[in-house]
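In what follows, a single structure is set out as structure tokens and then discussed.
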Amino acid sequence: MVKIISRQYLGQADVYDIGVEEDHNFAIKNGFIASNCFNKSHSTAYAYVTYQTAYLKANYPLEYMAALLTANSGDTDKVQKYLNNCMSMGIAIDPPDINRSGLDFTPAEEKILFGFSAVRNVGQNAIAGILEARAEGGEFKSLGDFCDRIDLRTVNRRTLESLIQCGAFDKIESNRQQLSRDLELVYDWAQSRAKDRASGQGNLFDLMGGGFASNNNPQKSNNAFESAPKAEPTSDFPPQEKLRMEKELLGFYVSAHPLKDIKQSSSLLAPINLSQLGEQKDNTMLCAVVMLNNVKKVVTKKGDPMAILQIEDLTASSEAIVFPKNYERVASLLQVDARLIIWGKVDKRDDQNQFIVEDAEPVEKVQMVMVELNPQEAGTIEVQHRLRSILKEQSGDKDKAKVPVIGIIQSGSSRQLVRFGKQFWVQDSFSTVQSLKNARFPAQVKQLTDNS
């Protein structure tokens, strides 16, 4: 898109499109000329391509989106946008699968499957070796079976660690930390077996189990991998750690998202998501629940610290700025992978939308005051006045009032949630609840991260 910032008359000149014999410019006001307009053939070609892609998206959505993701796999921002499109279209994205994935994004069972080429530290030779071994011997049954059948000269330890941590072995063993511990033993075991096979020597455990295979005896036992060593049983990585590693290796959260489990409750506080920033007016005060992807500390010319942030929610990514006057207050919260609720304003500059952060709070600390009303009470002026008076009294200093208040309008089986304006947010959730109860308003404290 071109943004016209000024106009200046430079005299008359003939301007032609490439391949067009005659001038077809349009004269506009004050003698200005609008040149290089699309001719009919050019416009027709674009219209035809638009029709084709719209047809494919409407009739073959899985195949179309898989091809689109593959074609743009090198552009993180575009892939994130297309993954969000898939979500809105009801298309699930599966992480890589050691027994199903191919080279690129592929449609599989009404889903789109991540390809091996999207995983960091997994090279083309390793992918070719995995696909070849799977084609020859069928699905891999365990980590030991995989390591025993793969050429470990092309699939090294780092590659295997990446495949485990991104979830590629989850269908075989969902405990990623167990597999990581097992790998320390299995990798050496598989290397030893490969050396023995190459030299024609037998392995003691193979001879005892009858599973030894040499150049003279290519028939090896199908269950030879069962002799692979295993580490002591251990618990899996915490969910947040699994997602962090997944994001590091794939560039995205695929199996889940750290904000997904609080999507419903966070929408009460932040009805505007990051994909809608461009629709907001300048200096509009907003609230957003986000993940912090990157923090870049900057020092101004005056020597004051500030920060440039990369944030994301379930819909999009954006840039956020913390200026010096607010940096000191929130600096300790600005950690990569932190889940934050942020307050600030939209700044539109050079066709870019930035979030100017004025305050922040970890989502784990965010509390809400839930107050119950029936429809009759909600429509009574006297009741509204009593409720408003209590909340204003509990608000105190507006800069310190960070606890949102949510009204629950209950009528039979119908339940409606109403978000009170920020001017009615309070400082202390428990004293507010007590004051509301004293005034005979049923109320309770609810954590943002509590999904019960």
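Of the N and O atoms on the side chains of S162 and N121, at least one donor lies less than 3.5 Å from an acceptor on the other residue. Between the side chains of S255 and E246, at least one donor N or O lies within less than 3.5 Å of an accepting N or O. N156 and T159 are linked by a side-chain donor-acceptor pair at a separation below 3.5 angstrom, with hydrogens and angles left out of the test. A donor-acceptor contact under 3.5 angstrom links the side chains of K247 and N293, judged on distance only. Side-chain contact, Q394 with S431: a donor N or O sits under 3.5 Å from an acceptor N or O. A side-chain donor from one of Q367 and S429 sits under 3.5 Å from a side-chain acceptor of the other.
Residues N374 and S411 have side chains not in contact (no heavy-atom distance under 4.5 Å, counting atoms from C-beta outward). Using a 4.5 Å heavy-atom cutoff, the side chains of L243 and H257 are not in contact. Side-chain contact between N72 and Y82 is present, with at least one heavy-atom pair separated by less than 4.5 Å. Here the side chains of V79 and L69 are in contact, with some heavy-atom distance below 4.5 Å. Taking the side chain as every heavy atom from C-beta outward, L286 and L277 approach each other to under 4.5 Å. Contact of the L160 side chain with the C147 side chain is registered, since non-hydrogen atoms from C-beta on lie closer than 4.5 Å. For the pair M245/F237, a side-chain contact is recorded, criterion being any heavy-atom separation below 4.5 Å from C-beta on. In this structure the side chain of L292 never reaches within 4.5 angstrom of the side chain of Q335, judged on heavy atoms.
Atom-to-atom distance recorded for R181:CZ and N175:CG is 9.5 Å, nearest 0.5 angstrom. How far CD of Q310 is from OG of S318: 7.5 Å, rounded to the nearest 0.5 Å. Atoms CG and CG, on L314 and N273 in that order, are 8.5 Å from each other to the nearest 0.5 Å. Annotation: the span from Q165 atom CD to R120 atom CZ amounts to 13.0 Å, rounded to 0.5 Å. Here I311 contributes atom CD1 and F355 contributes atom CZ; the two are 6.5 Å apart, rounded to the nearest 0.5 Å. To the nearest 0.5 Å, atoms CG (L163) and CG (L143) are separated by 10.0 Å.
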Stepwise side-chain contact (heavy atoms from CB on, under 4.5 Å) check, D347 with N353: CA-CA 6 Å; D347 179 50; N353 300 305; over 6 Å; no

Trace of the side-chain contact (heavy atoms from CB on, under 4.5 Å) decision for E358 with K325: CA-CA 9 Å; E358 297 189 356; K325 65 177 182 179; 5.6 Å; no

Working for salt bridge (Lys or Arg N to Asp or Glu O under 4.0 Å), residues R157 and D188: CA-CA 10 Å; R157 193 187 300 264; D188 292 337; 3.2 Å; yes

Trace of the salt bridge (Lys or Arg N to Asp or Glu O under 4.0 Å) decision for R339 with D261: CA-CA 12 Å; R339 298 189 299 174; D261 60 338; 3.3 Å; yes

side-chain contact (heavy atoms from CB on, under 4.5 Å) evaluation trace for I130 with F146: CA-CA 9 Å; I130 292 170; F146 179 88; 3.8 Å; yes

Derivation and outcome, side-chain contact (heavy atoms from CB on, under 4.5 Å), residues L436 and I390: CA-CA 7 Å; L436 289 168; I390 294 171; 3.9 Å; yes

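Not a single donor-acceptor pair under 3.5 Å links the side chain of D148 to the backbone N or O of G144. A distance-only check finds no donor-acceptor pair linking the side chain of T106 to the backbone of G102 [under 3.5 Å]. With Q178 contributing its side chain and T234 its backbone, the two residues share a donor-acceptor pair below 3.5 Å. Remark: side-chain polar atoms of Q416 are not paired, donor with acceptor, to backbone N or O of I408 under 3.5 angstrom. Using a distance-only test at 3.5 Å, with no hydrogens or angles considered, a donor-acceptor pair links the side chain of D313 to the main chain of L274.
Smallest separation of non-hydrogen atoms from G129 and I150: O-CD1, 3.7 Å. Between D236 and Q177, the closest heavy-atom pair is OD1-N, 3.3 Å. Between K422 and W343, the shortest heavy-atom contact is CE-CD1, 3.4 Å. Across all non-hydrogen atoms, the minimal contact from S101 to R134 is O-NH2, 2.8 Å. Annotation for Q280 and K348: closest pair O-NZ, 2.6 Å, computed over non-hydrogen atoms. Taking each heavy atom of M368 and I406 in turn, the nearest pair found is SD-CG1, 4.1 Å.
Crowding of E328 atom CD: a count of heavy atoms from other residues, nucleotides or ligands under 6.0 Å not exceeding 12. The number of heavy-atom neighbours closer than 6.0 Å to CZ of R329, taken from other residues, nucleotides and ligands shown, is above 12. Applying the 6.0 Å contact sphere to CD of Q52 captures more than 12 heavy atoms from other residues, nucleotides or ligands. Surrounding CZ of R386 are more than 12 heavy atoms belonging to other residues, nucleotides or ligands, all under 6.0 Å away.
A centroid separation of 6.0 Å or more is found between the aromatic rings of F140 and F169.
Shown are D182, V186, L185; of these, the side chain to side chain contact (heavy atoms under 4.5 Å, CB included) with K230 is made only by D182.
Checked for salt-bridge contact, R158 and E161 miss the test: no charged N lies under 4.0 Å from a carboxylate O.
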